[in-house]
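Each remark here refers to the structure printed beneath this line.
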Amino acid sequence: MSKKIAVLPGDGIGVEIVDQAVKVLECLKKDFGLNVEMEHALVGGSAYDDSGSPLPEATLNLAKEADAVLLGAVGGYKWESLDIAVRPEKGLLGLRSELELFANLRPAILYPQLAHASTLKEEVVSGLDIMIVRELTGGIYFGQPRGIRTLENNEKQGFNTLIYKESEVERIAHVAFETAMKRDKRLCSIDKANVLECTELWREVMIRVAQQYPEVELSHMYVDNAAMQLVRAPKQFDVMVTNNMFGDILSDCAAMLTGSIGMLPSASMDKNQKGMYEPIHGSAPDIAGQDMANPLATILSVAMMLRYSLGAEELAVKIENAVDTVLNQNLRTADIYTEGDVKVGTSAMGDAVVSALKA
Ligand code: IPM
Ligand code: MG
């Protein structure tokens, strides 16, 4: 039976990069026997423009019935002044929470071909291979109460709540330990247990769950130090696990170590291996529609989808090898271009990956 992929391009460069990922999927269907059907829907600002909601019911239903979701990016200048409840970002957050995608896997891998593109010294980043496991449906992003209230003296006060139940920490801990078991068996849990009770509990639960994974070496680090260590000596990390907000910040930081945020895919998983797959970067409205964006993160997100949700490891590897091939051909979009490379646009990069798949 064929599997169903919900394709949600979103806003800005989301549209053009997802087009390239769809080309790759079409090629896998036609030439490699992949049995999937794709159905497109709107999310984010484009959905708001169309229907007044960043996550229309039809989109949510499609995402729910699909076996996997491919997402481009959401947001843009155009929608920045909207009420927070209908901002494009709410479309993304709504999908994460409605689909219970609590486990966000964000690899930061340095392609040797791009070592010189990093802003850090080559010896600091060469060989880098980190996996950040970010809790995605809890913490301060979703905690209640939240809002902006007016005090008696008429001054306004903004507030959010950092909150985690033991069960929420436990389930992300298991994902992180399982991930570490498949890698170098080292897990670093990031918290701020010296100041925040919520993360003190986080640490306690991590230590408890660790007893079920005696082979994994668990360590702990405060988030401020982790940020510093990521730029000082990033290769000390194998798997990092952290809460929603710390993970948001640290994963951008880790992404930049690799030279370009345009290269990194991500997976957001529920407890049944259903997932939403998206590039780590955003909608980049400044370069949208100019055939400039790097589609490789989205194409690599398809590889993660094949591996984790569609049970097609072989095809995942094929995509990863094809990306490796185009990098070896020195093809570069503007974000990873340095002198002497062959500069290509979004669409040409997509075509090159398809050719490499077929070769
Ligand atoms: C991310 C993004 C989102 C987040 C935004 C777009 C809501 O920054 O996926 O990292 O904060 O989680
Ligand atoms: Mg982010």
Side-chain angles (χ1 to χ4, degrees), residues 8-15 17-18 42-48 53-55 59-60 63 69-108 130-143 146 160-162 164 168 172 190 223 226-227 230 240-258 260-270 275-286 288 293-294 297-298 300-301 304-305:
L8 314 179
D11 310 319
I13 59 168
V15 179
I17 54 179
V18 165
L42 295 173
V43 71
S46 53
Y48 173 83
S53 162
L55 182 55
T59 302
L60 182 57
V69 180
L70 176 65
L71 186 115
V74 297
Y77 312 128
K78 191 178 163 191
W79 302 286
E80 268 168 16
S81 57
L82 286 178
D83 189 88
I84 205 166
V86 289
R87 286 235 195 109
E89 289 77 4
K90 273 285 174 208
L92 181 58
L93 296 172
L95 281 168
R96 289 174 180 171
S97 120
E98 289 285 332
L99 302 178
E100 292 182 64
L101 306 171
F102 69 92
N104 186 208
L105 305 179
R106 299 191 159 186
I130 300 176
M131 179 68 91
I132 296 188
V133 179
R134 169 188 176 193
E135 199 292 324
L136 203 61
T137 50
I140 200 166
Y141 268 55
F142 294 94
R146 63 189 296 155
N160 288 89
T161 305
L162 174 59
Y164 273 109
E168 291 176 288
I172 194 71
I190 311 298
V223 63
L230 268 177
M240 302 171 93
V241 61
T242 192
N243 69 37
N244 204 342
M245 185 166 68
F246 294 170
D248 178 45
I249 299 165
L250 292 179
S251 62
D252 265 28
C253 183
M256 207 53 228
L257 302 174
T258 70
S260 172
I261 199 165
M263 291 299 298
L264 298 179
S266 77
S268 306
M269 314 291 302
D270 75 359
M276 179 160 81
Y277 299 84
E278 53 177 311
I280 282 188
H281 60 74
S283 59
D286 52 324
N294 186 346
T298 316
L300 289 165
S301 299
M304 286 186 102
M305 173 189 290

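Order of listing sets the numbers, starting from 1, for every ligand and every atom in it. In what follows, every heavy atom counts, from backbone to side chain, and hydrogens, waters and symmetry copies are set aside.
- The closest donor-acceptor contact from the side chain of Asn244 to the backbone of Arg134 lies at 3.5 Å or more, if one exists at all.
- In terms of modelled atom types and a separation under 3.5 Å, the side chain of Arg146 and the main chain of Tyr141 share a donor-acceptor contact.
- What sits closest to atom 8 (O) of ligand 1 on the protein, heavy atoms only, is Asp248 OD1, 3.2 Å.
- Looking at atom 11 (O) of ligand 1, its nearest protein heavy atom turns out to be Tyr141 OH, 2.5 Å.
- Note that OG of Ser301 is 8.5 Å distant from CD1 of Ile17, once rounded to the nearest 0.5 Å.
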Next item on the list: Go through the steps to decide whether Ile140 and Thr161 satisfy the test side-chain contact (heavy atoms from CB on, under 4.5 Å), and finish with yes or no.
Entry: CA-CA 5 Å; Ile140 200 166; Thr161 305; 5.9 Å; no
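- Residue contacts with ligand 1: Glu278 is placed with no nitrogen or oxygen under 3.5 Å of a nitrogen or oxygen of the ligand (distance criterion only).
- Contacts of His281 with ligand 1, taken as heavy-atom pairs under 4.0 Å, are absent altogether.
- Checked against side chain to side chain donor-acceptor pair (under 3.5 Å), Tyr48 has no partners two or more places apart in sequence or in another chain.
- The Mg ion (ligand 2) has an N, O or S atom of Asp248 inside 2.8 Å of it.
- Here the side chain of Asp11 pairs no donor or acceptor atom with the backbone of Gly76 at under 3.5 angstrom.
- For atom 3 (C) of ligand 1, the choice among Arg96, Met245, Glu89 with the nearest heavy atom turns out to be Arg96.
- In terms of polar-atom proximity, Arg106 is counted as a contact of ligand 1, with an N or O under 3.5 Å from an N or O of the ligand.
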